[in-house]
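Quick notes on the structure that follows.
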2 protein chains.
Amino acid sequence: MSTAPTVYDVAERSGVSIATVSRVYRNPDSVRAQTRERVLAAARDLGYVPSGNARGLASRSTGVLGLCFPDYADPDTDAEDDDAAMLYSDQIIRGMERAARRHGYALLIAASLKGGPESLVAKVAGRVDGFAVLARTVPTEELEGISRRRPVVMLAGPREEGDHLDHLDHIEVANFDGQRELTRHLIEDHGLRRLAFVGSAEESPDVGARFQGFLAACRAAGVDAPEEPAVRAAMMTQAEGARAADALCDRAGGPPQALVCANDQMAVGALHALERRGVAVPGDVAVTGFDGIPLGRLVRPTLTTVRQPMLRMGEEAVELLVRRLGGASAADPVSLMLPVTVARRASCGCGPEERTVAIGA
Amino acid sequence: MSTAPTVYDVAERSGVSIATVSRVYRNPDSVRAQTRERVLAAARDLGYVPSGNARGLASRSTGVLGLCFPDYADPDTDAEDDDAAMLYSDQIIRGMERAARRHGYALLIAASLKGGPESLVAKVAGRVDGFAVLARTVPTEELEGISRRRPVVMLAGPREEGDHLDHLDHIEVANFDGQRELTRHLIEDHGLRRLAFVGSAEESPDVGARFQGFLAACRAAGVDAPEEPAVRAAMMTQAEGARAADALCDRAGGPPQALVCANDQMAVGALHALERRGVAVPGDVAVTGFDGIPLGRLVRPTLTTVRQPMLRMGEEAVELLVRRLGGASAADPVSLMLPVTVARRASCGCGPEERTVAIGA
DNA sequence: ATGAAAGCGCTAACAT
DNA sequence: ATGTTAGCGCTTTCAT
């Protein structure tokens with residue numbers, strides 16, 4: 001691969017100055033048609049492609065937006081299921097790509113993979129005009145510095161109270177309201193009163209909010225509400241969900257009437273475990289998830305859950321970034337709370353027909 | 001947003017030269033620990049992030065791989081279905097992102113959106129070390145020029161015969177073999193003999209190969225094989241699939257015994273149309289698709305189809321690019337044919353249990 | 001181990 | 001309408 005042709009090569013071949021070559025690409029109308037053709041022809045012959053780097057450097061903008069997300073590999077998910085599982089990040093990517101396209105931006109994506117001083121964010125941040133970060137992908141302090149320099153929007157983690165990040169734009173979903181409504185449904189519409197919340201060991205703000213929503217519904221209905229989740233799974237995977245279900249079944253006093261899982265993956269794992277044990281769902285125990293992954297409609301019984309609008313989240317992220325880049329850089333930080341949808345399906349006892357209820361925001 | 005800090009700012013603040021600042025990031029061990037700390041501290045204070053552009057310009061490499069794909073929006077797919085539909089491109093993106101991550105690259109994605117001399121590819125090509133292109137996303141000639149300068153791998157379109165693109169690396173799936181096996185199954189295992197192929201109006205090499213596979217199976221079994229697809233849909237969408245099914249049913253002589261659709265989207269549309277007309281599937285007519293989108297397992301009856309390994313395609317694309325970038329730039333063009341899987345589900349008459357058969361390559 | 005200086009390929013004034 | 005000329009922020013010899 002010989003060294004790539006530059007503006008100089010094209011200029012020389014077409015007998016104009018490099019400025020004119022540049023103009024042909026940036027502002028074609030400012031060049032006489034005939035000249036333009038000559039330049040374009042030379043460029044074609046040479047296989048010339050403008051260097052995005054040089055451009056970005058000279059014009060201080062890249063036309064690229066970015067997304068950083070954590071390395072969400074679920075080792076327990078085989079390739080087959082994986083197809084259907086389509087995680088969060090995939091949907092956010094889709095949403096962002098769509099919206100970015102509408103605004104003429106390309107999208108740079110990268111999943112965390114820590115290294116020396118060269119962290120992931122830095123790499124992305126250095127190549128884009130602005131970017132979104134999935135919560136807890138990168139250390140708070142790192143974002144702190146970067147965000148002083150270019151637009152950053154935080155996704156899915158709540159704005160951290162009184163901390164340095166509160167000047168970032170921020171988008172989250174109605175975790176609390178969604179989980180509360182789902183729990184209320186279990187209690188009031190299905191008459192269940194012994195509910196167990198399956199959470200996670202790591203302190204995730206999202207899971208935290210869901211648990212609070214769960215508690216709120218319990219209290220409102222006068223149902224016994226534990227101060228802690230019944231189980232804290234090490235990871236939010238199917239395997240852990242299955243483990244949690246087993247643990248709950250073996251507990252003195254037998255299984256609860258409902259397993260309220262903090263995400264769909266765990267709920268699906270629980271479904272499998274219960275089936276293996278011969279526990280009927282929803283007959284003996286109801287199971288619910290949170291997220292709305294496609295897999296939830298493939299399992300039997302179909303999974304009752306709270307659907308997050310991840311695609312929209314991606315779109316909104318881009319809109320926010322574009323707005324900032326469009327001059328609104330000084331405006332106050334925006335905080336969006338996106339509404340969720342409770343999808344009542346079979347696993348809570350609602351029967352095969354899916355019924356949905358919009359909640360929050 | 002004030003102007004971002006540069007190496008100069010960091011150098012000044014830490015009392016070293018810009019060369020040292022650069023070294024701290026590129027080659028930390030070549031700098032005394034104490035100096036390094038000082039630089040890093042200054043960088044942190046300033047919120048310094050190295051400019052990817054300047055870097056790329058100076059070092060002639062970006063650490064980014066790219067993907068260009070066509071604007072596959074199916075206007076007939078509502079957001080709901082869309083969730084499940086997860087198109088090709090999404091899976092390829094996933095595959096590429098994973099593999100890219102393993103090799104330390106980020107991924108730049110952009111869907112076509114034609115413009116002046118500044119085409120999509122050019123934009124991507126100018127910002128990456130190498131990239132993949134979904135077939136027919138960009139004009140052949142444009143790729144021609146670019147590919148002389150940096151690695152390009154063509155996805156999913158067959159290598160064009162004797163044309164200028166045959167020096168590109170290329171990955172495709174076993175369209176012919178897959179469709180032939182599926183058709184053979186319909187004929188031999190289900191005893192069907194009047195089959196209609198639902199193709200597309202635009203000349204797609206993939207659809208072409210599928211039709212040829214269909215024909216080959218028909219001929220091999222002594223079944224009447226039309227020279228042309230029974231229907232050529234304008235687009236390969238659900239709406240068009242439904243239209244095709246209706247047209248076929250209204251035809252003199254009644255519907256065929258099987259609708260062999262060139263992709264899953266159309267097959268799903270056909271399923272809907274047939275249900276509306278009260279035609280039983282697979283009782284009255286069998287329906288098959290091609291692709292293996294998740295939606296195919298959600299519809300009733302579940303869709304018999306040929307599953308393409310799109311995720312793997314993305315991964316292989318990255319492997320190829322990385323190999324080229326690693327010095328194999330002069331090697332002969334590689335052409336990969338990935339095996340497919342026939343997924344026998346309910347819509348061909350195989351019953352509710354999914355059975356799969358690996359085919360090709 | 002560190003510094004000085006020459007680009008990398010382009011854009012954007014400013015001239016003409 | 002086109003040419004001249006500075007940089008843009010970094011990497012990279014080559015010195016020291």
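Naming: A, B, ... by sequence-line order, numbering from 1 per chain.
- One can place CZ of B:Arg36 at 14 Å from C1' of C:dT2, the figure rounded to the nearest angstrom.
- Within 4.0 Å of B:Val21, counting heavy atoms only, lies no atom of the nucleic acid at all.
- Sorted by first and then second residue, the ring-ring contact (aromatic ring centres under 6.0 Å, His included) pairs involving residues 124-149 of chain B (not counting sequence neighbours) form an empty list.
- Here B:Ser22 lies in heavy-atom contact (under 4.0 Å) with a base.
- Taking the side chain of A:Thr6 as heavy atoms from C-beta on, and the options D:dG9, D:dC10, C:dG9, the nearest nucleotide is C:dG9.
- Atom C1' of nucleotide D:dC10 and atom CG of B:Leu57 are separated by 8 Å, given to the nearest angstrom.
- One atom, CZ of A:Arg26, and another, P of C:dA13, lie 11 Å apart when rounded to the nearest Å.
- Across the interface with DNA chain D, nearest-nucleotide mapping of A:Thr35 and B:Val49 shows A:Thr35 to be the residue nearer the 5′ end.
- A side-chain hydrogen bond (donor to acceptor under 3.5 Å, both in side chains) with A:Arg312 is found for one member of A:Gln308, A:Glu316, A:Glu315 and no other, namely A:Glu316.
- We find that CG of B:Asn27 is positioned 13 Å from C1' of C:dT2, with the value rounded to whole Å.
- For the pair A:Arg324 and A:Asp169, the salt-bridge criterion is met [side-chain N within less than 4.0 Å of a carboxylate O].
- With the nearest nucleotide of DNA chain C identified for both B:Ser59 and A:Ser59, B:Ser59 has the one nearer the 5' end.
- Distances were taken from every side-chain heavy atom of B:Thr20 (C-beta onward) to each of C:dT2, D:dC10, D:dA1; the shortest belongs to C:dT2.
- An OP1 or OP2 oxygen of C:dC10 is reached within less than 4.0 angstrom by a side-chain nitrogen or oxygen of A:Tyr48.
- When each of C:dC8, D:dC10, C:dC10 is scored by its nearest atom to the side-chain atoms of B:Arg60, the top-ranked nucleotide is C:dC8.
- In this structure, B:Arg55 does not reach the C:dC8 phosphate: none of its side-chain N or O atoms is under 4.0 Å from OP1 or OP2.
- When the P atom of D:dC8 is taken as reference, atom CZ of A:Arg127 falls 19 Å away, rounded to whole Å.
- Panel note: side chain A:Asp129, backbone A:Ser61; no donor-acceptor pair is recorded below 3.5 Å.
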Return a table of donor-acceptor pairs under 3.5 angstrom between the side chains of residues 40-52 of chain A and protein atoms on other chains or two or more places apart.
residue	atom	partner	partner atom	Å
A:Asp45	OD2	A:Arg13	NH1	2.8
A:Ser51	OG	A:Asn53	N	3.3
A:Ser51	OG	A:Ala54	N	3.0

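- Between B:Asp9 atom CG and D:dC10 atom P there is a gap of 9 Å when expressed in whole angstrom units.
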Report the C-alpha distance between B:Val64 and B:Leu107 in whole Å, list the side-chain angles of each, state the deciding distance to 0.1 Å, and finish with yes or no for side-chain contact (heavy atoms from CB on, under 4.5 Å).
-> CA-CA 6 Å; B:Val64 177; B:Leu107 184 67; over 6 Å; no

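- In this structure, B:Gln34 places its CD atom 12 Å from C1' of C:dA1, rounding to the nearest Å.
- What separates CD of A:Glu12 from P of D:dG3 is a distance of 13 Å, to the nearest Å.
- The number of heavy atoms from other shown groups lying within 6.0 Å of CD (B:Glu12) does not exceed 12.
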Each nucleotide N or O in nucleotides 4-7 of chain C that has a protein N or O under 3.5 Å away: list the pair and distance.
none

